[in-house]
Chemist: 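First, the structure itself, so that you have it in front of you.
Numbers here simply count residues along the sequence, with the first being 1.
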Amino acid sequence: MVDADDVCSADLNNIDNINNILISISGDDNSSVLKASDKLRKYGRLYSYHLYYSEKNAEKILEDGFLKSLEQYTNSFVFYIPDIDCDINIADIIKTNVIQIRNEQHYAFVLMDLRNDLYIIDGIISGGAYSIGFKSDGTVLTRVGIVDDKRCDIKINSLSDVLKTLNKLKLNEIEKNQV
């Protein structure tokens with residue numbers, strides 16, 4: 001999960017030999033997001049768009065006009081991710097609405113509520129494993145939020161070390177207790 005500006009300035013040739021990767025972009029500047037989208041298309045990369053939600057923007061991100069505007073950024077997935085301080089009631093409203101929107105499928109992308117959908121996907125595909133993502137600042141993001149542990153910062157630790165730390169933290173158990 002990266003900021004669109006980071007994609008615009010990145011050398012994407014560095015990831016040519018990496019398969020099974022989904023780059024998710026976001027940003028406040030429309031032109032940067034469009035530029036990043038164009039660059040990812042040019043390089044033939046699978047990518048998505050993501051945004052964080054809370055009480056402040058929950059109503060707006062469910063509006064038809066807003067959802068249609070996201071089609072210019074991606075034709076694969078749009079991930080809605082709860083802010084770390086998002087009220088659980090707002091998260092439940094988003095979950096219910098995302099399911100309804102996805103069932104009606106009026107948009108050129110699949111809308112996903114990362115908090116809830118990853119749990120279901122992991123259960124089906126991974127057989128007890130769990131999905132993680134990395135924010136552009138290096139922190140780990142799971143379906144229940146950010147893992148606040150410097151040992152899990154991908155900018156200062158190797159992927160192998162981060163995964164070992166997450167395993168030691170028994171992230172599956174942490175997630176079960178927070179649901």
Side-chain angles (χ1 to χ4, degrees), residues 1-29 32-33 36 39-40 43 45-58 61 73-74 76-92 94-95 98 112-179:
M1 300 189 159
V2 296
D3 188 84
D5 290 331
D6 293 335
V7 171
C8 292
S9 63
D11 178 7
L12 296 182
N13 289 320
N14 293 335
I15 60 172
D16 272 350
N17 296 324
I18 301 174
N19 297 316
N20 302 323
I21 185 171
L22 173 68
I23 299 169
S24 185
I25 59 173
S26 69
D28 297 325
D29 179 22
S32 290
V33 176
K39 185 172 184 177
L40 290 164
Y43 279 84
R45 301 310 300 192
L46 178 62
Y47 71 97
S48 64
Y49 179 77
H50 70 274
L51 61 86
Y52 295 90
Y53 67 84
S54 67
E55 296 82 9
K56 297 174 193 164
N57 65 349
I61 66 171
Y73 300 144
T74 186
S76 61
F77 301 100
V78 171
F79 298 115
Y80 283 178
I81 306 167
D83 275 337
I84 196 147
D85 60 347
C86 182
D87 182 86
I88 191 71
N89 295 320
I90 296 297
D92 287 341
I94 295 294
K95 172 188 172 184
V98 164
M112 297 182 74
D113 173 24
L114 205 61
R115 177 180 169 264
N116 293 291
D117 289 333
L118 273 185
Y119 183 71
I120 295 166
I121 292 168
D122 286 347
I124 294 169
I125 296 174
S126 303
Y130 50 87
S131 296
I132 61 170
F134 295 98
K135 294 178 63 177
S136 57
D137 67 0
T139 56
V140 174
L141 181 69
T142 71
R143 71 174 197 84
V144 295
I146 296 168
V147 176
D148 188 20
D149 188 319
K150 287 290 182 200
R151 297 173 298 167
C152 295
D153 186 332
I154 195 69
K155 287 192 168 186
I156 58 175
N157 299 291
S158 71
L159 177 60
S160 176
D161 288 343
V162 169
L163 295 175
K164 286 176 186 173
T165 298
L166 289 170
N167 193 40
K168 287 178 186 172
L169 292 174
K170 298 186 181 190
L171 197 55
N172 279 329
E173 293 304 314
I174 292 169
E175 288 188 348
K176 286 177 190 172
N177 294 332
Q178 292 182 7
V179 174

Chemist: Hey, is NZ on K95 packed in by over 12 heavy atoms from elsewhere, all under 6.0 Å?
Modeler: no
Chemist: Assess whether atom CG of D85 is packed by more than 12 heavy atoms of other residues, nucleotides or ligands within 6.0 Å.
Modeler: yes
Chemist: Under a 4.5 Å cut-off applied to non-hydrogen side-chain atoms, are I94 and N116 in contact?
Modeler: no
Chemist: Side chains of S24 and S48 only: does a donor on one sit below 3.5 Å from an acceptor on the other?
Modeler: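 Looking only at side-chain atoms, S48 and S24 do form a donor-acceptor pair, the distance falling under 3.5 Å.
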Chemist: Would a 4.5 Å heavy-atom cut-off, applied to side chains only, mark L114 and Y80 as touching?
Modeler: no
Chemist: Taking the basic N atoms (NZ, or NE/NH1/NH2) and the acidic carboxylate oxygens, is any pair closer than 4.0 Å for K155 and D153?
Modeler: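 Result for this pair is no, no salt bridge flagged.
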Chemist: Would you say S26's side chain and L51's backbone share a donor-acceptor pair under 3.5 angstrom?
Modeler: no
Chemist: Show the nearest heavy-atom pair for residues C152 and N157, with the distance to one decimal.
Modeler: N-ND2, 4.1 Å
Chemist: Looking at every heavy atom in both L46 and S76, which two are closest together, and how far apart are they?
Modeler: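 Minimum heavy-atom separation between L46 and S76: CD1-CB, 4.1 Å.
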Chemist: Test your reading of the model: is there a side-chain donor-acceptor pair from E55 to the backbone of D87, 3.5 Å cut-off?
Modeler: yes
Chemist: S54 and C86: which non-hydrogen atoms are nearest, and at how many Å?
Modeler: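 Residues S54 and C86, closest heavy atoms: CA-SG, 4.0 Å.
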Chemist: Just wondering, do I23 and Y43 contact through their side chains at under 4.5 Å, heavy atoms?
Modeler: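 The answer is no; the side chains never approach within 4.5 Å.
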Chemist: Kindly indicate whether the side chain of F134, heavy atoms from C-beta on, has any atom under 4.5 Å from the side chain of L159.
Modeler: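 F134 vs L159: side chains touch.
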Chemist: Do the non-hydrogen side-chain atoms of I154 and V140 ever get within less than 4.5 Å of each other?
Modeler: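 Heavy-atom side-chain distance check fails, nothing below 4.5 Å.
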Chemist: Please work out whether the ring planes of H50 and Y52 are parallel, tilted or perpendicular, with thresholds of 30° and 60°.
Modeler: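 Correct class here is perpendicular.
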Chemist: Do S158 and S160 pair up side chain to side chain, a donor and an acceptor below 3.5 Å, judged on atom types alone?
Modeler: no
